[in-house]
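Bear in mind the structure is a predicted one, so any value in this text is a computation, not a measurement. Whatever order the structure lists ligands and atoms in, that order sets their numbers, starting from 1.
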Amino acid sequence: MINIPKGTKDVLPKEAYRWQYIEKIARKTAADFNVKEIRTPVFEHTEVFARGVGDTTDIVNKEMYTFLDKGNRSVTLKPEGTSAVVRSFIENGLFNETLPSKLFYLTPCFRYERPQAGRLREFHQFGVEIFGGEGADTDAEVILLAKTFLERVGIRELSLNLNSIGCKICRAEYNDALRAYLKSREEELCPLCRERAEKNPLRVLDCKDENCKKVTAEAPRILDYLCEDCKAHFERVKSLLTACGVEYKIDPDIVRGLDYYTKTVFEFVSTAIGAQGTVCGGGRYDGLVESMGGPALCGVGFGLGLERLLLLMDNLGVKVPEEPHVKVYVAPMGERAYEQAFRLVYRLRAKGVAAETDHAGRSLKAQMKYADKIGAENVIVLGDSELESGEAEIKRMNDGEKRKVSLDRLEDEF
Ligand code: ATP
Ligand code: MG
């Protein structure tokens, strides 16, 4: 037997309808916010992520599935959606179309991580990116879209945590202060953070090492360093959310795992799924499009992990409506009736009515059991006596009601 690779999962039929359900709600929510779908390849030139995600991040340093293809080009399986969307946005000149450009995706992502609950090597994201919306209303809109989606799938228990990490200008000043602070406690940091403290000190705030966490708990706070513009932007995001009745918490520790963020960053976090509690993370990334070779156009977005969402739904006992059942089960009795039954089932299916019949020459009793198991709403028995009389009974299974219908009218009854 050959096993599935570590950190990946099959979605079996009894689970697939839950995926379809959340994907449908994702699409509907995007449409309600006037956000259009974009699909990009599963792999890209490695450079897309090295530049887009940033080469001091965990993703680029440790987690990417990177390999040389047969033409000796370095390619990488998409570890996240944003950089790929930005590459496509620039390459296809979408910035020449009406702005803001509002895009969403449903995509597999690949990261070489240690698998555990809510952490896989192949996982899936629902993501949204809005380009060309400078105002704080765009940040609020993206947050509201994520919140609406989460509420529609039945989750209200998440905490929305907000922070601002400033812009190029105020962050430079903050980085100096943070660097000086980290330098003063250098011996307490993990080796990687000692390196990061110089190159990209903000990354240290994201480290999960216990000692590093102790150091960063007392570090200077970015919120105290925001420039007037960033401060006003953040205030406006908060007031728009409040105007919509959305509660939030300010969490000065959120810096996000990717290098491209500016100003607003946010997370939807749950305490119900253990350590991997962040279901959705996002923020503003004003420099990214330009740094990847496009025009100076701002962006805001989020990525939401669907496996974590499903785990959370399980743990909270959120019910998903059951899959629609087969509408009609046709039970043939004998060879002559079989052809009639086969044809009737085909005609029903062709007109869009879910139908099933016997495939194994089973007894009537066994067929009735099977019809019950698949939840058939109606059963029609077709045997010699029905063929002779030219009539058959449609039995409605929930209340046992029966009605006689002539054979040539059976398919019109559904
Ligand atoms: P974490 O801190 O948990 O590693 P992250 O900051 O790396 O998360 P993002 O890059 O912001 O995560 O990705 C957005 C969302 O994608 C996460 O909030 C999470 O729901 C999901 N996600 C990220 N990595 C994984 C993974 N390895 N397995 C399953 N879901 C994941
Ligand atoms: Mg991660």
Any N/O pair [X]/ligand 1 closer than 3.5 Å:
{"X": "V279", "result": "yes"}
{"X": "E307", "result": "no"}
{"X": "G305", "result": "yes"}
{"X": "L120", "result": "yes"}

For L205, the option from I165, V215, L182, V255 that meets side chain to side chain contact (heavy atoms under 4.5 Å, CB included):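 By the side chain to side chain contact (heavy atoms under 4.5 Å, CB included) criterion, L205 pairs with just one of I165, V215, L182, V255: V255.
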Atoms of ligand 1 less than 4.0 Å from F123 heavy atoms? 16 (O), 21 (C), 22 (N), 23 (C), 24 (N), 25 (C), 26 (C), 27 (N), 28 (N), 29 (C), 30 (N), 31 (C)
Which ligand 1 atoms does T278 reach within 4.0 Å, using its non-hydrogen atoms?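 This gives 17 (C), 18 (O), 19 (C), 20 (O) as the contact atoms.
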With heavy atoms under 4.0 Å as the rule, classify the contact between E267 and ligand 1 as side chain, backbone, both or neither.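 Near ligand 1, E267 shows nothing, with every heavy atom at 4.0 Å or more.
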Please state which part of C280 comes within less than 4.0 Å of ligand 1, counting heavy atoms only: side chain, backbone, both or neither.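 The answer is the backbone of C280.
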Proximity flag E80 to ligand 1, non-hydrogen atoms under 4.0 Å: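 No heavy atom of E80 comes that close to ligand 1.
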Would you please determine whether K208 falls within less than 4.0 Å of ligand 1 on a heavy-atom basis? yes
Counting only heavy atoms not in F43, do more than 12 fall under 6.0 Å of its CZ?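 Not more than 12 within 6.0 Å, no.
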Proximal candidate to atom 29 (C) of ligand 1 [heavy atom criterion; set G127, G118, P79]: G118
Mind running salt bridge (charged side-chain N to carboxylate O under 4.0 Å, His left out) on K28 and D32 for me, showing each step along the way? CA-CA 6 Å; K28 171 72 169 106; D32 291 344; 2.7 Å; yes
Can you tell me how far NZ of K70 sits from CZ of F67, rounded to the nearest 0.5 angstrom?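 The distance works out to 10.0 Å.
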Evaluate the ring planes of F131 and F89, with Trp represented by its six-membered ring, and classify them as parallel (under 30°), tilted (30 to 60°) or perpendicular (over 60°).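 Judged by the thresholds at 30° and 60°, the geometry between F131 and F89 is parallel.
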Can you run down the side-chain hydrogen bond (donor to acceptor under 3.5 Å, both in side chains) pairs that involve residues 216-228, sequence neighbours left out, and say none if there aren't any? R185-E218, R221-D253
So which heavy atom on E113 is nearest to which on R119, and how close?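 Taking every non-hydrogen atom into account, OE1-NH1, 2.9 Å.
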Side-chain donor/acceptor pairs under 3.5 Å, residues 1-8, sequence neighbours excluded:
unit_1, atom_1, unit_2, atom_2, d
T8, OG1, P5, O, 2.7

